[in-house]
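Okay, structure first, notes after.
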Amino acid sequence: MSVEDENKLTKIKNSLESRVVTLPDGTSLPRIGQGTWYMGENPQIRAREIKALQLGIELGMKLIDTAEMYGDGDSERLVGEAIKGRRDDVFLVSKVYPHHAGLDMIAKACENNLKRLGTNHLDLYLLHWRGHVPLAETIEGMEKLCKEGEIVR
Ligand SMILES: NC(=O)c1ccc[n+]([C@@H]2O[C@H](COP(=O)([O-])OP(=O)(O)OC[C@H]3O[C@@H](n4cnc5c(N)ncnc54)[C@H](OP(=O)(O)O)[C@@H]3O)[C@@H](O)[C@H]2O)c1
């Protein structure tokens, strides 16, 4: 890597470190994270996508956002590969489909998120969008997952 490139990366790293957002529970995160929609869908660029995510982590883009919907699970599988051995450096966000967000399915959906991601917990679990399941029911399911440790928030 050229000195010029190294300087550019240092500048990005410093900038990420100095611009943070604080969550309601006090957790502090760099304002810029990494989205993964459409990632993991094309085997020809898979290795590059993994490297890009890993470089992002090294630069301090701690938050990675994925979802069971993205690539029908392929995005989560790709993220799982990218964060192998670096789980503690990442704030991992995933999402549940509205049609999996009822009490009868959310635990299984989350178990599948975790399996694809190769981790035992998510830092943040989101309902991808509102569907027919009452929100109170989804919240009850998520609170249960929080108590059991599969999700932190
Ligand atoms: N919570 C939710 O329900 C939800 C909804 C939507 C998205 N998201 C998350 O947010 C992320 C971003 O979504 P978005 O809707 O903002 O996406 P978007 O509008 O498609 O924006 C993607 C950005 O990345 C740039 N980009 C794409 N490929 C690039 C490359 N190879 N090199 C450099 N820049 C590149 C694009 O640049 P150009 O404009 O120049 O192409 C664009 O600015 C998603 O990946 C997902 O994780 C979450």
Side-chain angles (χ1 to χ4, degrees), residues 1-2 4-16 19-25 27-84 86-102 105-119 121-139 141-143 145-146 150-153:
M1 193 186 294
S2 71
E4 202 182 315
D5 283 346
E6 262 183 49
N7 287 342
K8 268 189 209 162
L9 292 182
T10 306
K11 236 178 165 177
I12 294 172
K13 209 171 174 177
N14 291 341
S15 164
L16 282 163
R19 292 171 199 181
V20 296
V21 62
T22 307
L23 303 186
D25 69 359
T27 303
S28 173
L29 287 171
R31 277 191 210 173
I32 300 179
Q34 306 191 79
T36 63
W37 195 6
Y38 298 119
M39 278 190 162
E41 294 183 15
N42 178 353
Q44 286 179 335
I45 58 168
R46 185 180 179 80
R48 266 170 48 207
E49 289 176 333
I50 290 174
K51 270 197 173 163
L53 286 174
Q54 290 175 337
L55 176 62
I57 296 167
E58 282 154 26
L59 291 174
M61 277 181 270
K62 196 175 162 77
L63 185 146
I64 296 184
D65 175 78
T66 185
E68 62 173 330
M69 186 197 87
Y70 297 170
D72 208 10
D74 281 344
S75 162
E76 290 185 321
R77 287 186 195 95
L78 180 100
V79 171
E81 216 172 313
I83 67 170
K84 214 172 187 175
R86 306 164 190 243
R87 177 66 185 91
D88 292 344
D89 299 333
V90 172
F91 185 95
L92 197 52
V93 183
S94 195
K95 314 185 193 80
V96 60
Y97 267 127
H99 60 271
H100 288 164
M105 293 186 87
I106 195 165
K108 186 71 194 165
C110 186
E111 189 188 319
N112 290 334
N113 293 112
L114 296 176
K115 215 179 275 171
R116 287 187 291 265
L117 285 160
T119 184
H121 72 284
L122 293 170
D123 297 292
L124 178 65
Y125 201 33
L126 302 174
L127 171 62
H128 208 149
W129 64 90
R130 289 287 289 273
H132 67 276
V133 174
L135 194 56
E137 189 179 324
T138 300
I139 290 169
M142 287 186 170
E143 280 174 344
L145 288 168
C146 270
E150 283 96 340
I151 63 176
V152 177
R153 51 184 80 72

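Side chains included, hydrogens not; waters and symmetry mates left out as well; all remaining heavy atoms used. Residue indices begin at 1 and follow the sequence shown. Keep in mind that what you see is a predicted model, and the values were worked out from it rather than measured. Counting starts at 1 for both ligands and their atoms, following the listed order.
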Ligand 1 contact on M39 by region, counting heavy-atom pairs under 4.0 Å: neither
Side-chain donor/acceptor of Q54 to backbone N/O of A82, under 3.5 Å: yes
Protein non-hydrogen atom below 4.0 angstrom of atom 18 (P) of ligand 1 present: no
I32, CD1: over 12 other non-hydrogen atoms inside 6.0 angstrom: no
H128: numbered ligand 1 atoms lying under 4.0 Å from its heavy atoms: 3 (O)
Per-atom contacts of ligand 1 with D65, taking only distances under 4.0 Å to non-hydrogen atoms: 9 (C), 46 (C), 47 (O), 48 (C)
Under-4.0 Å heavy-atom contact with ligand 1, by part of T66 that carries it: neither
Exceeds 12 heavy-atom contacts within 6.0 angstrom, atom CZ of R130: no
Heavy atoms from other residues, nucleotides or ligands near CZ of R153 exceed 12 (cutoff 6.0 Å): yes
Presence of salt bridge, E111 and K108, under 4.0 angstrom: yes
4.0 Å protein heavy-atom contact status of atom 8 (N) of ligand 1, strictly under: yes
CG/D72: more than 12 non-hydrogen atoms of other groups inside 6.0 Å: no
Donor-acceptor contact below 3.5 Å, side chain R46 vs main chain E49: no
Any protein heavy atom nearer than 4.0 Å to atom 24 (O) of ligand 1: no
T36 side-chain N/O to D65 backbone N/O, donor-acceptor pair under 3.5 Å: yes
Flag: protein heavy atom within less than 4.0 Å of atom 3 (O) of ligand 1: yes
Under-4.0 Å protein heavy-atom contact, atom 40 (O) of ligand 1: no
Sub-4.0 Å heavy-atom approach of Y70 to ligand 1: yes
Heavy atom of protein inside 4.0 Å of atom 44 (C) of ligand 1, strictly below: yes
